[in-house]
Amino acid sequence: MYLFEAEIIEKWQLAADIFRLRLRAGEEFIAAGRPGRFVMLAPVGGLYDPLLRRPFGIVRCGDGWFEVVIKAVGKGSRNLVGLPAGAGITVHGPLGNGWPQDESGEQPLILVAGGIGIAAIAPVIFARRAESETFLLYGAATKDELVLLDEFTTHDGRGPQIEVITDDGSCGRRGLVTELLLEKLEEYPGARVFACGPEPMLKGVQKVLRERDIEGWEGWLSLENRMACGFGVCLGCVQKTGSEPETKTSKVCTEGPVFAAGEVIFDD
Amino acid sequence: MYLFEAEIIEKWQLAADIFRLRLRAGEEFIAAGRPGRFVMLAPVGGLYDPLLRRPFGIVRCGDGWFEVVIKAVGKGSRNLVGLPAGAGITVHGPLGNGWPQDESGEQPLILVAGGIGIAAIAPVIFARRAESETFLLYGAATKDELVLLDEFTTHDGRGPQIEVITDDGSCGRRGLVTELLLEKLEEYPGARVFACGPEPMLKGVQKVLRERDIEGWEGWLSLENRMACGFGVCLGCVQKTGSEPETKTSKVCTEGPVFAAGEVIFDD
Amino acid sequence: MTDLSLELLPGIKLKNPVLTASGTFGYGSEYSPYFDIAGLGAIVTKGLSLRPKTGNPGVRICETACGMLNAIGLENIGLERFLEQELPLLRQAGARVIVNFFGNCLEDYAELAARLDGVEGITALEINISCPNVKAGGIQFGTDPRAAAELVGAVRRETSLPLITKLSPNVTDIVEMARAVVAAGSDALSLINTLLGMAVDLRRRRPVLGNLTGGLSGPAIKPVALRMVYQVTKALPEVPVIGIGGIVTAEDALEFLLVGARAVQVGTASFINPRAAAEIVDGIGSHLDSLGCERVTDFIGTLET
Amino acid sequence: MTDLSLELLPGIKLKNPVLTASGTFGYGSEYSPYFDIAGLGAIVTKGLSLRPKTGNPGVRICETACGMLNAIGLENIGLERFLEQELPLLRQAGARVIVNFFGNCLEDYAELAARLDGVEGITALEINISCPNVKAGGIQFGTDPRAAAELVGAVRRETSLPLITKLSPNVTDIVEMARAVVAAGSDALSLINTLLGMAVDLRRRRPVLGNLTGGLSGPAIKPVALRMVYQVTKALPEVPVIGIGGIVTAEDALEFLLVGARAVQVGTASFINPRAAAEIVDGIGSHLDSLGCERVTDFIGTLET
Ligand SMILES: Cc1cc2nc3c(=O)[nH]c(=O)nc-3n(C[C@H](O)[C@H](O)[C@H](O)COP(=O)(O)OP(=O)(O)OC[C@H]3O[C@@H](n4cnc5c(N)ncnc54)[C@H](O)[C@@H]3O)c2cc1C
Ligand SMILES: Cc1cc2nc3c(=O)[nH]c(=O)nc-3n(C[C@H](O)[C@H](O)[C@H](O)COP(=O)(O)OP(=O)(O)OC[C@H]3O[C@@H](n4cnc5c(N)ncnc54)[C@H](O)[C@@H]3O)c2cc1C
Ligand SMILES: Cc1cc2nc3c(=O)[nH]c(=O)nc-3n(C[C@H](O)[C@H](O)[C@H](O)COP(=O)(O)O)c2cc1C
Ligand SMILES: Cc1cc2nc3c(=O)[nH]c(=O)nc-3n(C[C@H](O)[C@H](O)[C@H](O)COP(=O)(O)O)c2cc1C
Ligand code: FES
Ligand code: FES
């Protein structure tokens, strides 16, 4: 776990309210930043509004840098994406468990992203490009909110097979990403599933997986509960987990954000 | 009185912690921005830290812009000077009364500036460059804190006669600017005096003027009391004025910031 | 277009639920260059005392995290100048006027109420009970239910104007205070006044404020204000409550309406943005419009819990 | 170099006056990756109850202007696991440990105090009285001087450990509360706990927090905390007071020491900057050094008023 001040090396606008920020970081940080882990960010400056850090996934790492993709939804995210290149951000991380590592790389992998959930899914794609049978099912409200798509495929054509779906039909089919998942699982019943997106989508994914009824489910969900600290001390981010009657509360920041899909108990 | 969002057109660093910002403004604003008036500034953005606007003098006006010179002393000023060119600042002003206007322009004028008090004095210089017998007595802690000096004289050599004094003797004489004032008043006993600077300096100026004992004193001080609103509604900025026992409280923001030197009653 | 008008009290119809908070709007005319003050629900004037008051010496204001402390010391021009100078200006501007007032003892309060009674152009009185009772050793009227009730009762007897009591948040049980003053004859409540706070100048090793302590206002106090408004409107659903505390945007105002406030007052925000109250009126309108809400009164108190 | 060590209570010497606030520092070990927690004055643990507690369902935290609301619901691992798992870790790390604890009724408090009495490695107990008394209709111990005194007295009888009472700021008269618990046997006081607040989700028209209301902490509350610490240290100069509320920087901490706090606790700030408490220790040192102050105790309470 590191806590440091990082310069914004570069900033790109990916959609009306979605930005990619490249931040300077050291080797050790980058080595620890495996797919699915996250950072807590705050601008440098000593002002108290916004007060708390905000969590964002580590989307991509390179030599001396890593990238986050931030959707401006409220004051914390808006403030971060409003910083110019050259400005400083304090970084706390990498935090959380990350996606389970695929030792063999041989099992087909279905990645399900809803909206800005793509930020948690993207690093898996970048890490797995060399391997076969990765499917990205990517849903968004509308065409303009689909981001990073052109980066998922390398120049020589390696990358996941991508299917897109939008609420308004402006790109791909019209509908919900869970429909794509159902179809894909029929084709690849033994595939592993990683999903990140808004809670209703995750509930949908859980339902699909539950109905698949395979021992262990082979599905993982990355949660985005509100966090105050990000490292296990505030107990603000807890999620009910387990299965009735054996339930408990788990800290999403340290025991997650990635949970086995069968473990998560959503509120109705 | 205007209330508008202005772009920072350009920003210059004048000293370690002193910056000049050029802000876009309309003609009517500029026409109203006579020397000694001020603006209340806050960054655009809807964050609440800092919460209140901060007052700064209108230093100079041009075609479609005006300039402020800000010394970063606390979080409000630091935050403003940290904004990059292109960023937005909301401006409320011009506010306050400004320096008394010199109808004839013939009486000698002694300008006394202490530290960042130069920001209130500078516009008088810019307005009066065509006229004769203006003296600038400028004191600062150290050489590096003397700003704007090279702009007070036009290319063809018009401008005030300048004498500088510093606490540490790093530029000009070592001492306090009130010493210069005493000397200058001996030379020009009928001169008018405008002064702006830290309270101890203003007290010193007041003492010098009081001892001069001319009817009406012919001196004016620009005060920098803390302000919450800047337009007369909070009663936060009041200054005791008048002369014992006929004293009252005056609002520095609307009845000042410029007061006849004899009117101001400082706390001891 | 959502109808923003509402009856604050029986017979007291306001154009909209947005008022200004006492002490932050001067006597109203200072804001006329910025917008038409007749467009607000009402103007609550700077707290008025029988005689002019000079207020506190020394530093009077200081910024804190997302808030400010003030120790103005209730400086005001006094009843007579108000009636001669300021009230006519407000009436001319077409504003609805609520007069906020205070005293040093029960008798002062009562006399003021009596002298304001029947003055034309005054819609209601707002009694500020967050004042020390000089005659009773400086104990605050506003933090003792018995003292507050006695005070409100005394004022009630002197005036036929609608009476709004402004509550102090510096109490253990805001509902108890609310009940006490309503029982004593208050028609409505406004809450909250400022939280008692302090700031220190580390360099000079002194309190920042000349008065040592001051009143905390601004966004920092909104969570406390919302909680108290919720508690009071829940406990006394039939009593009109005006929500105050940290309201800067239309969203803030709507939150207060949602928890049950019948109207709101905009305070510190007007220092930063003189047009804040007017913008909040517009913002409430367009928000409720977009919800398809016909009347603002349909929105008030609809928080689901 | 200024000597930062001090006696918090007779015989209880701390390396420096910087402690961590309960509920914001876990059980301490979570912070070991960031700095040596043995370097702090003491660690105040997450509030402990007799049996493990799962806390509140739903959203538990929410940011407000320069502050945050929490409704964790006092989730904790319970006495036994604390003694088995966490206390040994803290002792191993060389930390001084103050155990914060609470109950649902007087008997629970007393039993906890008895069971913590004599446990090796515990420097003092901090009793959190901001809890509803389930047996007495949910009335808060912490807002009623009689109930608080009774509670503190009961706990006092069960333990020979130094007893620090943590006061709630949601009261009319903090000095009255302080006097009551000191008279009942509390050796020291910590203040303030969180202010009761609320936040509203306008879009969903619901309270943000699952629990409806929550505790407000962070820089927003510092002015209220400073004021209360000032009032209490002024009224009870002989009682050691630990100042809490919105401390983020060394300057904040120094302000509390200046008004009279013998020590401080760092709360919410540790969420944002895990090294905050350690940096505050260093910052206090260099500030006092630059003042030529020999001992931190020479600085405490030196506010000029
Ligand atoms: C582990 C983790 C990884 C994340 N990764 C990314 C990422 O890579 N890119 C990205 O853009 N976002 C990511 N998020 C979400 C991001 O952290 C939030 O959008 C951000 O913190 C919102 O802060 P804000 O101040 O902008 O919004 P706020 O003003 O706090 O809230 C804006 C709106 O969002 C709601 N909201 C805020 N936080 C949450 C939450 N956690 N859950 C549900 N609703 C919420 C509020 O109720 C409000 O309606 C991640 C979250 C977590 C926990
Ligand atoms: C009419 C007017 C015109 C001004 N013009 C200029 C100008 O042109 N350029 C410029 O740089 N500054 C000017 N000032 C001063 C400037 O407004 C303050 O420096 C600024 O508001 C400080 O805000 P801050 O948040 O940076 O500092 P804070 O964090 O609020 O304070 C920093 C330090 O300054 C002290 N302080 C803050 N405000 C005041 C005050 N008003 N009086 C005395 N001490 C104070 C505080 O106690 C603290 O020690 C002017 C002030 C007034 C009233
Ligand atoms: C500078 C200032 C002066 C105030 N004067 C008064 C007053 O005279 N009478 C009164 O009842 N309240 C007074 N208040 C309290 C406000 O009316 C309001 O209750 C409080 O500021 C909280 O609202 P806000 O957070 O929107 O400012 C004053 C507040 C401020 C900031
Ligand atoms: C998430 C959270 C949990 C808390 N849990 C406890 C607790 O268990 N016991 C307690 O006495 N105080 C608890 N507190 C209160 C803090 O110890 C402290 O009194 C308060 O947060 C004010 O300090 P701050 O502004 O520095 O955070 C908690 C505070 C927060 C923010
Ligand atoms: S965010 Fe604090 S415990 Fe998870
Ligand atoms: S700054 Fe508000 S009255 Fe002058």
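Naming convention: chains lettered A, B, ... in sequence-line order (proteins, then strands); numbering from 1 in each chain.
- Heavy atoms closer than 4.5 Å to chain B are found in the side chain of C/T268, but not in its backbone.
- Note that CZ of B/R53 and CG of C/N273 are 6.5 Å apart. Values are rounded to the nearest 0.5 Å.
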Give the intermediate values and the outcome of salt bridge (Lys or Arg N to Asp or Glu O under 4.0 Å) for residues B/K251 and C/E75. CA-CA 12 Å; B/K251 297 182 212 171; C/E75 173 171 344; over 6 Å; no

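- Using a 4.5 Å cut-off between heavy atoms, B/K75 contacts chain C through its side chain alone, with no backbone atom that close.
- The CD atom of C/E63 sits 13.0 Å away from atom OH of B/Y48, with the distance rounded to the nearest 0.5 Å.
- Interface remark: C/I72 contributes side-chain atoms only to the contact with chain B (heavy atom separation under 4.5 Å).
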Applying ring pair (Phe, Tyr, Trp, His ring centres under 6.0 Å), run through C/F271 and B/F231 and close with a yes or a no. CA-CA 8 Å; C/F271 296 160; B/F231 64 111; 7.6 Å; no

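- Heavy atoms closer than 4.5 Å to chain B are found in the side chain of C/Y31, but not in its backbone.
- Heavy-atom pairs under 4.5 Å with chain C peak, among B/D49, B/T249, B/L52, B/D267, at B/L52.
- Within the 4.5 Å cutoff, the side chain of B/L51 has heavy atoms near those of the C/P219 side chain.
- Judged by distance alone, the side chain of C/R275 and the main-chain N or O of B/L3 form a donor-acceptor pair under 3.5 Å.
- A donor-acceptor pair is defined here as one N or O able to donate and one able to accept, closer than 3.5 Å; such a pair exists between the side chain of C/R60 and the backbone of B/L235.
- Both the backbone and the side chain of C/P274 come within contact range of chain B, with heavy atoms under 4.5 Å apart.
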